[in-house]
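Here the structure comes first, spelled out in structure tokens, and everything after it is commentary.
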Amino acid sequence: YVGLNMLIKAITVDAQAVQRHRATILECIKDSDASIRKRALELVCILVNETNVKALTMVLVDYLEVSDPDFRVDLTEKICSIVSKYSSEKIWYIDQMLKVLSEAGNFVKDEVWHALIVVISNASELHGYTVRALYQAFQRSAEQETLVRVAVWCIGEYGDFLINNVGMLDVEDPITVTESDVVRVVEIALKRHSSDLTTKAMALVSLLKLSSRFPSRSERIREIVVQYKGNFVLELQQRSIEFNLIITKHQNIRPTLVDRIPVLDEATFIARRAGSLPDAASTRTNGVAKAVSPIVDLLDINSDDAPVPSSSGGDLLHDLLGVDLSLPSQQSDASQASKNGPDVLLDLLCIGSPSAPTELPAQRNSSEMDILSPKPSKKAPVSPLDDLASLSLSSRATLNAGAAPLMDSLDGFAPSPPTEENNELVYPSITAFESGSLRLVFNFSKQPGNLQTTNIQATFTNLTSNVYTDFVFQAAVPKFLQLHLDPASGNILTASGKESIKQNMRLTNCQHGKKPLVMRIKVAYKINGKETLEEGQISNFPREL
């Protein structure tokens, strides 16, 4: 350990002299002493340069397979940093990242696989090579979560390249893959017991895209998607309903809607990772603001220097995808899309997870419902929110009648009118998030004179027999929303739902009536001293909020 410290000091004086001890330093990485391993790894990172990066990376990646789990976190982070900093060829970068994801994908941070997706998007000549490599890696290492995510994203975008062996390189051997094989791989990823919400959501999006790539397998894909129509996780349930409608009733716009995404701006993504561009959302932990860069930054859709999107969801799709939704809607006598739909494309792209500073899963709004609804209403429009407090029984009947077509198209999912209690408008509560271990319920209220601000009481319930300690709730919202979190009622969540933690928040929608509420959440807690993180996207807020 002392010798390594001396070498770190000596490298500033004579780097070449230290380079001569490189083999010894690499052996120290395999030492049984954790402090020696960590110090040696720091020294290796200092020694890396353009001439030796490939040799050193190969040694580190080979050791990754047999390294201790405790050391694998640091080792994975350093390898990814080295590869990202010194890679001069995209194919080498992709190869090394796939090796890391295959060996230690569960230790890879979210921003790393986000960056890999950006690089893949920009390497058009390697799309075929990459999707084949990921398909084969998935067969060998399906237990690595981040590998599965990148694989299902790539298969959704370039799955047809698998069938035809498009873009074969000299270093590759041809593989035989059928359309059924491709669909089956994504189905496995969707139904894996260990797959989290982000992975399942990405798999559903991948299946939707494959339904257009492989028309002959469209019915089989629909059968898989519709299985989640009654899923307890509302995010998956909503995707299932919407995607089923797209597959069965909107074939005219489906090919354009699920076309390959545009090339992601690599320079902008790198700049945002470095912190030189402003973030597109703010995060608060117990009332303290923090910076968050959601997936809209990765897609470069909501950047500050970009033009403000039009109020029509159809116009946004026209701008981004080149599809004019006005013609199909006129032919089917459908009503115009609601004026609060700038997030339709984000919902279908869904790169990521939620768990990352650069990723937010897909967002929903009522414009999407209007586009997908096969039987638009011709009833009188719903009364403004300002009149909700004085709605008569007859006006509520009109409201229910006007919402009936939407209930028909989405199998009964329609908003309920608020009730008035203690001079407050009280809205139906929702199960905002639920996993096998945690349930989060939101209760909503508004002051009649301030409809832009929604008061939310969050109730957290432990669904397991373990006690959760050091409980912390975080939330992120887009810029048009302002979020204030009050302190939680406690930080210990008792087992089996005996007691709950409550936390109040205020959410102000600066574009009330134009954009719907959406929120990204993270919940951290410890079980017997082991830290656990759960995260999700909340987009099933009552529309009238």
Side-chain angles (χ1 to χ4, degrees), residues 25-45 48 53-87 90-120 130 133-155 185 188-189 192-196 198-199 202-203 273 351-359 530-535:
I25 297 170
L26 288 172
E27 285 299 316
C28 289
I29 291 180
K30 305 173 185 178
D31 195 274
S32 58
D33 189 310
S35 60
I36 292 178
R37 290 199 305 263
K38 188 171 182 178
R39 205 64 170 165
L41 184 58
E42 292 175 1
L43 187 53
V44 168
C45 293
V48 172
V53 60
K54 291 187 177 181
L56 288 177
T57 302
M58 182 175 66
V59 174
L60 295 178
V61 170
D62 289 343
Y63 178 59
L64 185 61
E65 183 178 357
V66 296
S67 61
D68 295 335
D70 293 339
F71 184 56
R72 196 170 293 187
V73 176
D74 291 335
L75 183 57
T76 301
E77 182 179 357
K78 296 299 184 184
I79 294 174
C80 293
S81 176
I82 291 171
V83 172
S84 177
K85 183 177 180 180
Y86 291 99
S87 61
K90 280 188 168 60
I91 188 171
W92 183 78
Y93 173 88
I94 292 172
D95 284 342
Q96 302 311 309
M97 293 309 301
L98 292 190
K99 290 178 181 177
V100 173
L101 292 181
S102 298
E103 296 296 341
N106 293 333
F107 298 90
V108 172
K109 293 184 177 180
D110 288 332
E111 57 263 29
V112 172
W113 65 269
H114 294 168
L116 176 59
I117 284 178
V118 174
V119 171
I120 293 172
T130 304
L134 282 165
Y135 176 83
Q136 293 171 314
F138 178 86
Q139 313 265 353
R140 300 187 300 266
S141 306
E143 73 282 357
Q144 303 295 339
E145 194 73 18
T146 54
L147 173 69
V148 174
R149 291 178 185 176
V150 177
V152 297
W153 176 86
C154 202
I155 289 172
V185 163
I188 291 171
R192 286 168 63 244
H193 177 70
S194 58
S195 290
D196 61 8
T198 300
T199 304
M202 293 179 68
R273 284 188 66 190
I351 302 181
S353 155
S355 59
T358 56
E359 174 206 302
K530 184 178 180 182
E531 202 164 302
T532 302
L533 178 67
E534 298 197 43
E535 53 198 349

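Not measured: the values here are computed from a predicted model. All values below were derived from every heavy atom in this structure, side-chain atoms included, with hydrogens, water molecules and symmetry-related copies excluded.
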### Task
Looking only at non-hydrogen atoms, find the nearest pair between L101 and L147 and report the distance.
O-CB, 3.8 Å
### Query
Hey, is the main chain of T57 close enough, under 3.5 Å, to the side chain of Q96 for a donor-acceptor pair?
no
### Closest non-hydrogen atom pair between L64 and V100, with its separation
CD2-CA, 4.2 Å
### Task
For E65, look at atom CD and say whether over 12 heavy atoms of other residues, nucleotides or ligands are found less than 6.0 Å away.
no
### Summary
For S195 and E145 the tightest heavy-atom approach is CA-OE2, 3.5 Å
### Query
Would L41 and E77 count as a side-chain contact (heavy atoms from CB on, under 4.5 Å) if you check the C-alpha gap in whole Å, the side-chain angles of each, and the deciding distance to 0.1 Å?
CA-CA 11 Å; L41 184 58; E77 182 179 357; over 6 Å; no
### Query
Is there a side-chain contact between V185 and Q139, using heavy atoms and a 4.5 Å cut-off?
yes
### Summary
Note: C80 and M97 closest approach over all heavy atoms is SG-CE, 3.7 Å
### Query
Looking only at heavy atoms, what is the nearest atom pair of V148 and A189, with distance?
CG1-CB, 3.6 Å
### Query
Closest approach of A203 and V152, non-hydrogen atoms and distance?
N-CG2, 4.3 Å
### Message
Are the side chains of Q136 and L98 in contact, using a 4.5 Å heavy-atom criterion?
### Response
no
### Query
Would L75 and I79 satisfy side-chain contact (heavy atoms from CB on, under 4.5 Å), going step by step from the backbone distance to the final call?
CA-CA 6 Å; L75 183 57; I79 294 174; 4.0 Å; yes
#### Entry: Residues forming a side-chain hydrogen bond (donor to acceptor under 3.5 Å, both in side chains) with S67, sequence neighbours excluded
R72
### Query
Residues in side-chain hydrogen bond (donor to acceptor under 3.5 Å, both in side chains) with S194, at least two apart?
R192
### Check ion pair K54-D95 (N to O, under 4.0 angstrom)
no
### Message
Show, in sequence, the C-alpha distance, side-chain angles and deciding distance for I155 and F138, and conclude whether the side-chain contact (heavy atoms from CB on, under 4.5 Å) test is met.
### Response
CA-CA 11 Å; I155 289 172; F138 178 86; 6.0 Å; no
